[in-house]
Q: 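Have a look at this one before I ask anything.
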There are 2 protein chains.
Amino acid sequence: MQNPRKPTRPVVIVSDNTGITAETLSHSLLSQFPDIKFVTEVLPFVVDEDRVFNAVDRINGLARDHASTPLVFVTLVVSEHRRLLETAQGVFFDLFDTFIAPLEEELEHDSNHSLGQSHGMTDIKRYSSRIGAINYSVHTDDGVNTTDYERAEVILTGVSRSGKTPTCLYLALHFGIFAANFPLTTDELDIGKLPDALVKNRHRVFGLTIDPERLQQIRQERRSRGRYSDPKQCRFEVNQAEALFRRESIPHVNSTSMSIEEISAKILHRMQLHREFL
Amino acid sequence: MQNPRKPTRPVVIVSDNTGITAETLSHSLLSQFPDIKFVTEVLPFVVDEDRVFNAVDRINGLARDHASTPLVFVTLVVSEHRRLLETAQGVFFDLFDTFIAPLEEELEHDSNHSLGQSHGMTDIKRYSSRIGAINYSVHTDDGVNTTDYERAEVILTGVSRSGKTPTCLYLALHFGIFAANFPLTTDELDIGKLPDALVKNRHRVFGLTIDPERLQQIRQERRSRGRYSDPKQCRFEVNQAEALFRRESIPHVNSTSMSIEEISAKILHRMQLHREFL
């Protein structure tokens, strides 16, 4: 039974493509209302009248089930489909209607009203380069294939579990950045020098650090026994890594309270990397 | 020298966080104007007055350099900062101003106007589960560690270079989906049966296929000699894989003209996977 005093508000994303744009925006906007519980349903690939009618049915069904009018975020380029959709029982936030008209006026151009321009395969060369970046990040993960560092736009380094792998993958997937990563092992930390593979590419090296307590938690979940997740060991490794970054003037951030998106945005900004949006 | 008849239109993203939301939306909108060349600059982490003034200077600088008013997409939750920013010489598209007011009215709640709610670390449990998904996809890439398939929400299969790895990584990074992938090698294709690891988990298996000509191109770039990139071999593998999918009733899509986002959205939709937006 639902609590009638704090009902769940249904949210529907209707898109003629993947729905990612509308989902990203709705997520940003609704996160500004933390006291309300939202439940989101995505209806992608709504490209013909039949699917618009299905979407109308679904919105009306959710309105009934939740006894609450769904918030509907819409990216449909065909205006007839938008008009049809708006016969459903929803509160509509139409991204195209809202912004395309003022853009057309400002740009003195009509928009082409064509489907699948965003998050699609409109530019195969750019797309191949992105796939190349993803393969590169997998290929150079965890300090392997350092001979291919010529191609790297950035090389992340830091102790084990400081966030290097997810950040590299995000940089590749989202921005097409060639990002390698090299772990600082206890051997290197004992010597207190930057490993050779990094020395040769120091202008592209970026450090990740993390609070020792958080590191210990993460490592504990992965392997609960032994030196790897020992609090003293975690403190030692982090201290050594941070000292190394300072000594060698390696730019770095503390990833403890940052998401992958935030870490990536900081790296792009600090390293002045060309941010190609894909 | 710029061509005066087709100038480049500057676009600026100003955000108090990563800028990803505004960048995603601007990209979607501007891709509807394929005849205009845009050059985009992202100014993330604009969190205090100093940085707002820097953003104003930058926008005015771009307006001068391009002799064209920049389009400025804004996500700043502090309204004073928005007002200050709008003193710059730009055409402003304010995502918060546009949508937050109607949402507040509809939801009968004030928004909390706080920073970094989206793409931040607001929910550590959800965030950890996402990192878990990323590590899982790396850990089970390319048919290794099949004993961990219990945890998989989906297992992608297909011939080498049909798009399995990038799709798995995207599903993990973007939606926190535990996605493994298993390559169909010539051994399995010759036998014409689903490999044991997949038989046991067949309700979670999803196939990727690709046009043989495109496959041949991709393989050629990777390894230009030998059977791997031979046109006849590519045709053989694709035919066998598609026959196997049909015989075993494995849902599948042809990835040839689809982006990773589109493939992922299809998989989530067809497999009815819970799409947690992160």
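We name chains A, B, ... by the order of the sequence lines, and we start the count at 1 in each one.
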Q: With rounding to the nearest 0.5 angstrom, report the CD1 to CG distance, A:Ile36 to B:Leu103.
A: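 One finds 9.0 Å between CD1 of A:Ile36 and CG of B:Leu103.
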Q: Measuring from atom CG of A:Asn135 to atom CZ of B:Arg161, what distance do you get when rounded to the nearest 0.5 angstrom?
A: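 Reported to 0.5 Å precision, the distance equals 4.5 Å.
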Q: Rounded to the nearest 0.5 Å, what separates atom CZ in B:Phe45 from atom CD in A:Glu262?
A: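 If we round to the nearest 0.5 Å, B:Phe45:CZ and A:Glu262:CD are 6.0 Å apart.
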Q: Less than 4.5 Å to any heavy atom of chain B: does that hold for the side chain of A:Ile218, its backbone, both, or neither?
A: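 A:Ile218 has no heavy atom closer than 4.5 Å to chain B.
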Q: Which region of B:His109, side chain (C-beta onward) or backbone (N, CA, C, O), has a non-hydrogen atom less than 4.5 Å from a non-hydrogen atom of chain A, or is it both or neither?
A: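 B:His109 touches chain A through backbone and side-chain heavy atoms alike.
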Q: Side chains of B:Thr21 and A:Glu261: does their closest heavy-atom pair fall under 4.5 Å?
A: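 No. Closest side-chain heavy atoms not under 4.5 Å.
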Q: Counting only heavy atoms closer than 4.5 Å, note whether A:Leu43 contacts chain B via side chain, backbone, both or neither.
A: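 For A:Leu43, neither part sits under 4.5 Å from chain B.
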Q: State, yes or no, whether a side-chain contact exists between B:Ile260 and A:Arg130 at a heavy-atom distance under 4.5 Å.
A: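 The answer is yes; the side chains approach within 4.5 Å.
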Q: Kindly write out the residues that satisfy salt bridge (Lys or Arg N to Asp or Glu O under 4.0 Å) with A:Asp141, not counting sequence neighbours, or none if the list is empty.
A: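 A:Asp141 satisfies salt bridge (Lys or Arg N to Asp or Glu O under 4.0 Å) with no residue once adjacent residues are dropped.
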Q: At what distance, to the nearest 0.5 angstrom, does CG of B:Leu29 lie from CD of A:Glu104?
A: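 Output value for this atom pair is 11.0 Å.
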Q: Any heavy-atom pair between the side chains of A:Leu25 and B:Phe99 that's under 4.5 Å?
A: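 Answer yes - side chains close enough.
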Q: Side chains of B:Ile20 and A:His174: does their closest heavy-atom pair fall under 4.5 Å?
A: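 Yes, at least one pair of side-chain atoms sits under 4.5 Å.
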Q: Would you compute the distance between atom OG of B:Ser28 and atom CD1 of A:Ile100 and round it to the nearest 0.5 angstrom?
A: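 With rounding to 0.5 Å, OG (B:Ser28) is 9.0 Å from CD1 (A:Ile100).
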Q: Considering residues at least two apart in sequence or located in another chain, which fulfil the side-chain hydrogen bond (donor to acceptor under 3.5 Å, both in side chains) criterion with A:Glu106?
A: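 With neighbours one apart ignored, the set is B:Arg9.
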Q: Could you tell me whether the side chain of B:Phe33 reaches within less than 4.5 Å of the side chain of A:Asp110, counting heavy atoms only?
A: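 No. Closest side-chain heavy atoms not under 4.5 Å.
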Q: Heavy-atom cut-off 4.5 Å, strictly under: side chain, backbone, both or neither for A:Leu95 against chain B?
A: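 Answer is both: backbone and side chain atoms of A:Leu95 are under 4.5 Å from chain B.
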Q: Side-chain contact, heavy-atom cut-off 4.5 Å: B:Leu107 with A:Phe38?
A: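 They are in side-chain contact.
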Q: Working to the nearest 0.5 angstrom, can you tell me the gap between A:Leu30 CG and B:Ser111 OG?
A: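 Here the interatomic distance stands at 11.0 Å.
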Q: Would you say the side chain of B:Leu268 lies within less than 4.5 Å of the side chain of A:Val42, judging by non-hydrogen atoms?
A: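 Answer no - side chains too far apart.
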Q: Does A:Leu169 reach the side chain of B:Tyr170, with side-chain heavy atoms less than 4.5 Å apart?
A: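 They are not in contact (no side-chain heavy atoms under 4.5 Å apart), so the answer is no.
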Q: Of all heavy-atom pairs between B:Ile134 and A:Pro166, which one has the smallest distance, and what is that distance?
A: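 Smallest interatomic distance, heavy atoms only, reads CD1-CB, 3.9 Å.
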